[in-house]
Amino acid sequence: MAGGNDVSATTVRRWVMEVIELLAARVPRLERALKKVTRKGGHVVLIDGTLIRTRTRTRRRYGKDNCRNYSGKRKAHGLLFLALTDDRGRLLWLSAARPGRSSEITTARYNKLVERLRAHELGAIGDLGFTGLDDDPGNPVVITGCKAARTKPLTSAKKQVNQLIASVRAVCEHAFAHLKNWRIITKLRLSARYATTLLRALLVLTNTEVAR
């Protein structure tokens, strides 16, 4: 693009980032997204996390700070994002990027997700990675499946509960699949500080494409 238009590569890069920032600005913040669900008569959202892979950088060359982006769970470097979808699998909100070593439950607490869901009288369904997120077992806001212990296997009833939750959460997995269709996030090569802006811009484009 720079060579064809007789401008510098820096100028083209700046133009591209300006467009990305304009798209990202259209993504509603968490409070606004929850209000929209409530206004439309919704009662539940789906929550999930995903790791967007980044370049692997050696500790010797880049220092120990890059180790924050290494996910021991997925054995890869990346950035963790949380997303909320509605019961039809439409992406509603995307969190800011967190280091890959962060857990989903820690990221949810960082964004005060439980308190905000309770304030809007909404519930959320998540996978086993969110077990223990809700601090009020008598009136839970976040519903997860049942974990098996080494000495206490799941009963048939608990297995059915897990299957039911997994079937409900399938649309959330589909939403992430649509987002990850963008080849640019197969492995991020840009600076990590732009990752949140890029993902939110792609969320806008994904919803536009899916809604066609």
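The figures here come from the full heavy-atom set of this structure, side chains too, leaving out hydrogens, waters and symmetry mates.
Contact annotation: the side chain of Leu198 approaches that of Leu188 to within less than 4.5 Å [non-hydrogen atoms, C-beta and beyond]. Between Trp93 and Arg29 there is no side-chain heavy-atom pair separated by less than 4.5 Å. Side-chain atoms of Arg101 and Asn69, non-hydrogen and from C-beta on, never get closer than 4.5 Å to each other. A 4.5 Å side-chain heavy-atom check between Arg90 and Asn207 finds at least one atom pair inside the cut-off.
Interatomic distance, CG of Asn181 versus CD of Glu209, reported as 9.5 Å (0.5 Å rounding). Here the CZ-OG distance, from Phe130 to Ser103, works out to 9.0 Å after rounding to the nearest 0.5 Å. Glu104 contributes atom CD, which lies 9.5 Å from atom CG of Leu51 (distance to the nearest 0.5 angstrom). Here the straight-line distance linking atom CD of Gln160 with atom SG of Cys146 works out to 11.5 Å at 0.5 Å rounding. With rounding to the nearest 0.5 Å, the separation of OG1 in Thr85 from CZ in Arg169 is 8.5 Å. Taking CG of Leu23 as the reference point, atom OG1 of Thr208 lies at 8.5 Å (rounded to 0.5 Å).
Scanning both residues, Ser95 and Thr107, for their nearest heavy atoms gives OG-CG2, 4.4 Å. When all heavy atoms of Leu92 and Ala33 are compared, the pair lying nearest together is O-CB, 3.9 Å. Counting all heavy atoms, side chain and backbone alike, Ala24 lies closest to Arg200 at CB-CB, 4.0 Å. The nearest pair of heavy atoms linking Lys75 to Tyr70 is CA-OH, 3.4 Å. Closest approach of Val37 and Leu122 over heavy atoms only: CG1-CD2, 4.0 Å. For the residue pair Arg53 and Ala76, the shortest heavy atom distance occurs at CZ-CB, 3.7 Å.
Looking at His120 and Glu31, their side chains do bring a donor and an acceptor atom within 3.5 Å of each other. Residues Lys180 and Thr186 have side chains that never bring a donor and an acceptor to within less than 3.5 angstrom of each other. For the residue pair Trp182/Thr206, the side-chain donor-acceptor check at 3.5 Å is satisfied.
Few gaps surround CD on Glu18; more than 12 heavy atoms of other groups in view lie less than 6.0 Å from it. Atom CD1 of Ile184 has 12 or fewer neighbouring heavy atoms from other residues, nucleotides or ligands inside a 6.0 Å radius. Few gaps surround CZ on Arg109; more than 12 heavy atoms of other groups in view lie less than 6.0 Å from it.
Cluster annotation: Trp15 is connected to Leu205 through the hydrophobic network of ILVMFWY side chains, with a link wherever side-chain heavy atoms come within less than 4.5 Å. Note on Leu133 and Leu30: same hydrophobic cluster, where clusters join Ile, Leu, Val, Met, Phe, Trp and Tyr whose side-chain heavy atoms are under 4.5 Å apart, directly or indirectly. Note on Val27 and Ile185: same hydrophobic cluster, where clusters join Ile, Leu, Val, Met, Phe, Trp and Tyr whose side-chain heavy atoms are under 4.5 Å apart, directly or indirectly. Under the 4.5 Å side-chain heavy-atom criterion for Ile, Leu, Val, Met, Phe, Trp and Tyr, Leu84 and Phe176 are members of distinct hydrophobic clusters. Follow the hydrophobic side-chain contacts under 4.5 Å out from Tyr194 and you reach Val204 in the same cluster.
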Trace of the side chain to side chain contact (heavy atoms under 4.5 Å, CB included) decision for Arg116 with Leu34: CA-CA 8 Å; Arg116 293 177 175 180; Leu34 295 179; 4.0 Å; yes
Side chain to side chain contact (heavy atoms under 4.5 Å, CB included) assessment of Leu82 paired with Leu94: CA-CA 6 Å; Leu82 286 188; Leu94 195 69; over 6 Å; no
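Of the possible donor and acceptor atoms, none in the side chain of Asn162 sits under 3.5 Å from a partner among the backbone N and O of Gly145. Looking only at distances, no side-chain donor or acceptor of Thr144 sits under 3.5 Å from a matching main-chain atom of Leu128. Between the side chain of Asp48 and the main chain of Cys172, no donor-acceptor pair closer than 3.5 Å is present. A donor-acceptor contact shorter than 3.5 Å is absent between the side chain of Thr106 and the backbone of Ser102.
When each of Leu113, Ile125, Asp127 is paired with Ile47, the side-chain contact (heavy atoms from CB on, under 4.5 Å) condition holds for Leu113 and for no other. Here the rule is side-chain contact (heavy atoms from CB on, under 4.5 Å) with Val171, and of Asp86, Leu46, Asp87 only Leu46 fits it.
Salt bridge Arg118/Asp134: present, at least one basic N to carboxylate O contact under 4.0 Å.
A cation-pi arrangement, defined by a distance under 6.0 Å to the six-membered ring centre and an angle within 45 degrees of its axis, is absent between Arg98 and Phe81.
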